[in-house]
Amino acid sequence: MWKDYSRSYLKNNRASSISIMAAALVATMFLSFLCSIAYNFWAYDVEQIILEEGDWQGRIVYETLDSDTLSKDQLLSLVCQFANVEKAVINEDLSKKEGTVVDVYFNNARTIYRDMPFIAAQLGQNKDSIRYHSLLLSRYFIHDPEDATPPMLLALYAVILIIVSVSLILIIRGSFALSMNARIHQFGIFASIGASPRQIRTCLLQEAAVLSILPMLLGSMFGILLSFCVIKAVNFFAADVSGRHDAAFQYHPSLFAATVFISFLTVIFSAWIPARKLSRMTPLEAIRNTGGLSLNKAKHSRILSYIFGIKGELAGNALKAQKKALRISSLSFLLSFLGFSIMICFTTLTQISTRYTYFERYQDAWDIMVTLKDTEISDFVLTEELQHISKVQDVTVYQKAEPMTFLLPEGLQSDELSLLGGLEPVAKTPKTNGQFQISAPIVVLDDTSFLNFCSQIGITPSLDGAIILNQIWDSINSNFRYKKYVPYVKEDSLSTTLYKNDKTVEIPVLSYTQTAPLLREEYDNYALVHFLPLTMWKKTFAEVCEAESDSYIRILSNKAASLTDLNSLEQEIMQLVSVQHKIESENRIQEKLSNDRLMQGMVMILGSFCVLLAIIGITNVFSNTLGFLRQRKREFARYMSIGLTPKDMRKMFYIEAFVTAGKPLFITLLLTILFVQFAVTASYLDPMVFWSEAPILPILIFAAAIILFVALAYYIGGKRLLQCDLNEILCNDALL
């Protein structure tokens with residue numbers, strides 16, 4: 001009986017069935033898309049870690065290995081004898097610096113924090129000889145049990161999945177509730193002739209399963225396809241970003257099974273909520289239900305009635321009666337439009353800020369930058385060859401060193417700094433024996449570039465001292481965007497003493513300056529930067545201070561080069577340098593284009609999430625408008641009986657559509673203006689600069705699309721409703 005009834009109902013009520021299927025399709029697609037994207041981002045992160053740091057899981061470091069008693073092969077054999085060890089290899093690169101380093105791989109890495117101390121102890125090593133690849137292990141949700149604050153990535157994924165599932169339950173529930181509420185009268189009759197609440201619930205859940213199986217499978221497929229397109233888009237927009245590898249789309253069958261299973265549970269639970277409510281009604285309550293909207297006439301829609309008269313009052317009451325059914329739509333529209341407008345305004349602010357503080361600020365400082373990986377500046381011998389390239393105007397090779405410490409007596413502070421209140425209120429640095437500890441970064445320039453820098457600031461060129469960048473940010477009278485600087489120290493000292501750990505070095509000062517060399521470098525606001533020639537670095541500092549692993553080549557072209565010119569010059573430089581060194585290079589114009597492309601990609605990807613949220617809201621509106629035919633027939637028949645014409649009822653639909661889409665958009669517009677005002681103020685940007693480039697057109701297009709689809713939903717629902725014979729509804733009590 002119930003099977004025949006369900007088949008007959010689904011066949012004769014296709015609009016209601018389509019709304020349920022559409023809701024299940026969109027919800028499953030959204031869930032599948034999020035799961036697939038999260039899985040691919042995780043897989044890419046793991047790949048990037050392996051490429052940069054290797055796939056080792058644990059390490060044992062032997063500072064000394066007695067080759068007479070234990071060879072490397074014997075050591076590896078001993079490590080591999082442990083049951084959980086898959087393999088062990090000697091890390092030749094690290095072994096050159098640290099003794100003998102053994103990389104250990106496990107069959108079951110989850111026991112690594114228990115196995116590694118045991119292995120080390122059996123080999124006669126202490127815990128200090130053990131290293132863990134904590135970053136890679138954390139990506140597999142393996143954490144140190146002694147870590148009081150382990151990464152919460154797994155918990156974050158679980159929370160996101162729960163939130164998404166709950167949201168989808170609420171979304172699909174609306175479609176099921178509309179369909180089931182239209183059948184209260186029918187099930188009241190069935191209950192009166194002996195149908196049990198359990199039979200009614202079973203019937204409704206069976207219908208939900210039948211309607212949702214195909215949409216769930218299709219939605220999972222569409223979600224996978226959408227995530228595939230997003231991964232391809234990320235590769236396209238980030239193609240020129242240095243240091244990254246292309247992301248290969250990955251998917252696992254177990255992920256598909258988990259997505260379908262979670263979607264099935266979501267759909268069943270969504271249907272169970274209204275089914276349970278319906279089955280618990282008494283037969284008398286169900287039979288007396290008219291299937292119409294319960295309008296609250298005690299509350300008046302004053303704004304709508306003032307603007308649109310009686311039709312606005314009726315539309316406002318109808319919207320209040322549908323408040324719960326449209327809550328998901330309103331929230332989806334609000335979040336999608338708010339997310340889109342804030343996201344696109346934020347990216348516009350970011351582009352403006354990046355252009356001002358990076359591309360325009362350094363546009364005359366570099367054309368091509370080459371990073372010499374794991375290369376000391378003293379090991380680079382191609383400077384003259386680069387200078388002789390026809391399109392090159394200037395070449396600077398430099399290397400940065402770890403900051404040393406300069407002890408600044410209070411009396412050595414500049415007069416300008418003292419007038420600002422002195423160093424302590426500005427930089428909050430601690431005192432040591434009446435002196436301030438000042439960070440002193442060191443930049444080592446090749447000798448030719450250092451001599452040119454001497455000429456640039458007007459001193460006699462010399463390689464027998466350092467040049468100090470004598471400036472500190474005046475944070476009291478300027479902001480971070482438009483910085484003003486004052487002298488840091490008095491310029492009467494002919495030498496400076498720096499120390500690091502227990503090592504001290506004193507060097508002569510050639511000059512103090514507030515002009516930095518023409519490099520693409522940002523220096524700390526409260527640091528006393530020292531520029532040294534390569535000759536002095538090798539003679540004085542190499543044993544005291546450790547340099548960073550990479551060196552840099554800054555190249556200026558000899559004319560206002562185009563992108564083609566810089567690409568050609570970059571290729572010529574790479575062919576020359578890459579023969580002897582591992583390098584990464586970038587050019588100024590391509591960097592600007594890549595940044596713009598990345599911003600476009602971010603807008604597209606984040607915008608797709610906003611579009612998905614909007615689709616959820618639109619689906620809910622369509623479900624409501626297509627499903628309210630049975631609910632609102634009596635309502636509009638009564639309106640017709642008191643003189644309302646079909647034209648007036650169409651106007652009511654227009655008002656409802658306008659309020660449904662317009663209210664969240666209006667709220668979002670106000671919130672977006674407040675956000676923009678706050679962001680512009682916080683970034684110390686001239687408001688007119690932003691408003692001259694404000695993304696007004698994309699925001700209007702997004703809002704217009706939402707309004708258009710909501711209007712279409714109400715147009716279709718209203719047209720179908722007005723095609724019914726409303727005059728017969730008032731006196732027709734037949735089983736629907």
Side-chain angles (χ1 to χ4, degrees), residues 96-97 370-387 394-409 412 435 437-471 488-519 521 523-524 527-555 577 580-581:
K96 296 176 182 178
K97 303 177 182 179
V370 178
T371 301
L372 302 169
K373 308 295 291 185
D374 300 320
T375 302
E376 296 279 348
I377 183 174
S378 57
D379 296 334
F380 184 74
V381 295
L382 299 175
T383 306
E384 291 188 6
E385 285 83 347
L386 292 175
Q387 288 281 16
D394 183 56
V395 175
T396 297
V397 183
Y398 67 98
Q399 187 175 20
K400 294 178 285 185
E402 294 182 359
M404 299 187 71
T405 301
F406 173 65
L407 292 179
L408 175 64
L412 195 58
Q435 296 177 316
Q437 289 183 323
I438 305 301
S439 175
I442 296 174
V443 179
V444 184
L445 304 176
D446 68 90
D447 289 346
T448 302
S449 298
F450 187 83
L451 293 174
N452 291 336
F453 182 42
C454 292
S455 301
Q456 178 186 346
I457 61 176
I459 65 172
T460 303
S462 173
L463 300 176
D464 297 327
I467 298 176
I468 297 178
L469 184 61
N470 186 24
Q471 65 179 22
Y488 209 137
V489 299
K490 295 179 180 178
E491 300 182 356
D492 52 5
S493 179
L494 300 179
S495 66
T496 180
T497 301
L498 306 179
Y499 75 91
K500 185 175 183 65
N501 299 327
D502 296 329
K503 298 178 180 180
T504 303
V505 60
E506 182 175 351
I507 56 173
V509 176
L510 295 178
S511 177
Y512 296 88
T513 182
Q514 290 192 348
T515 301
L518 203 60
L519 303 175
E521 292 293 335
Y523 306 109
D524 187 83
L528 199 63
V529 185
H530 287 56
F531 297 97
L532 300 177
L534 176 59
T535 298
M536 174 162 282
W537 167 260
K538 291 192 295 184
K539 181 173 61 177
T540 308
F541 277 82
E543 300 298 327
V544 178
C545 181
E546 184 176 351
E548 294 183 1
S549 60
D550 300 337
S551 297
Y552 306 91
I553 307 173
R554 189 271 296 149
I555 299 171
V577 179
Q580 301 182 20
H581 304 278

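- Here the shortest heavy-atom pairing between K539 and D464 reads NZ-OD1, 4.5 Å.
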Could you go step by step and tell me if L469 and Y512 meet the side-chain contact (heavy atoms from CB on, under 4.5 Å) rule? CA-CA 6 Å; L469 184 61; Y512 296 88; over 6 Å; no
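- Between the side chains of E521 and Y398, at least one donor N or O lies within less than 3.5 Å of an accepting N or O.
- A 4.5 Å side-chain heavy-atom check between H581 and F380 finds at least one atom pair inside the cut-off.
- Counting only heavy atoms from C-beta outward, the side chains of Y552 and L519 never approach each other to under 4.5 Å.
- When side chains are defined from C-beta on, T496 counts as touching H530, because their heavy atoms get closer than 4.5 Å.
- Legend: residues meeting salt bridge (Lys or Arg N to Asp or Glu O under 4.0 Å) with D550, ordered by chain and number and at least two apart, are K373.
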side-chain contact (heavy atoms from CB on, under 4.5 Å) for L528 and L408? Distances and angles first, verdict last. CA-CA 10 Å; L528 199 63; L408 175 64; over 6 Å; no
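- Atoms CG and SG, on L532 and C545 in that order, are 9.0 Å from each other to the nearest 0.5 Å.
- Separating the OH atom in Y488 from the CD1 atom in I468 is a distance of 11.5 Å, to the nearest 0.5 Å.
- In terms of heavy atoms, T515 sits closest to T513 at N-OG1, 3.0 Å.
- At distances below 3.5 Å, not a single donor-acceptor pair connects side-chain atoms of S495 with backbone N or O atoms of P508.
- In this view, V505 and M404, L498, I507, T540, F541, V544 satisfy the side chain to side chain contact (heavy atoms under 4.5 Å, CB included) rule, not counting sequence neighbours.
- The number of heavy-atom neighbours closer than 6.0 Å to CD of E506, taken from other residues, nucleotides and ligands shown, is above 12.
- Using a 4.5 Å cut-off on side-chain heavy atoms (C-beta onward), D379 and Q580 make no contact.
- Two residues are said to be in side-chain contact when any heavy atoms from C-beta on lie closer than 4.5 Å; L407 and I438 fail this criterion.
- Here E491 pairs with N470 under the side-chain hydrogen bond (donor to acceptor under 3.5 Å, both in side chains) rule; sequence neighbours left out.
- By the salt bridge (Lys or Arg N to Asp or Glu O under 4.0 Å) test, E402 is found to be paired with K500, residues two or more places apart in sequence or in another chain being considered.
- Under the 4.5 Å side-chain criterion, counting only non-hydrogen atoms from C-beta, Q437 is not in contact with F406.
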Donor-acceptor pairs under 3.5 angstrom involving side-chain atoms of residues 440-461: please list them, not counting sequence neighbours.
residue, atom, partner, partner atom, Å
D446, OD1, T448, N, 3.3
D446, OD1, S449, N, 3.0
D446, OD1, S449, OG, 3.2
D446, OD2, V397, N, 2.8
D446, OD2, S449, OG, 2.6
D447, OD1, L534, N, 3.1
D447, OD1, T535, N, 3.1
D447, OD1, T535, OG1, 3.3
D447, OD2, T535, OG1, 2.5
S449, OG, V395, O, 3.3
S449, OG, T396, OG1, 3.3
N452, ND2, T448, O, 3.3
S455, OG, L451, O, 3.3

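- Closest approach of M536 to A466, counting heavy atoms only: SD-N, 4.4 Å.
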Worked verdict on S378 versus W537 for side-chain contact (heavy atoms from CB on, under 4.5 Å): CA-CA 9 Å; S378 57; W537 167 260; over 6 Å; no
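- A search for side chain to side chain contact (heavy atoms under 4.5 Å, CB included) contacts involving S549 returns D374, not counting sequence neighbours.
- Closest of all the heavy-atom pairs between A516 and Y523 is CB-CE1, 4.0 Å.
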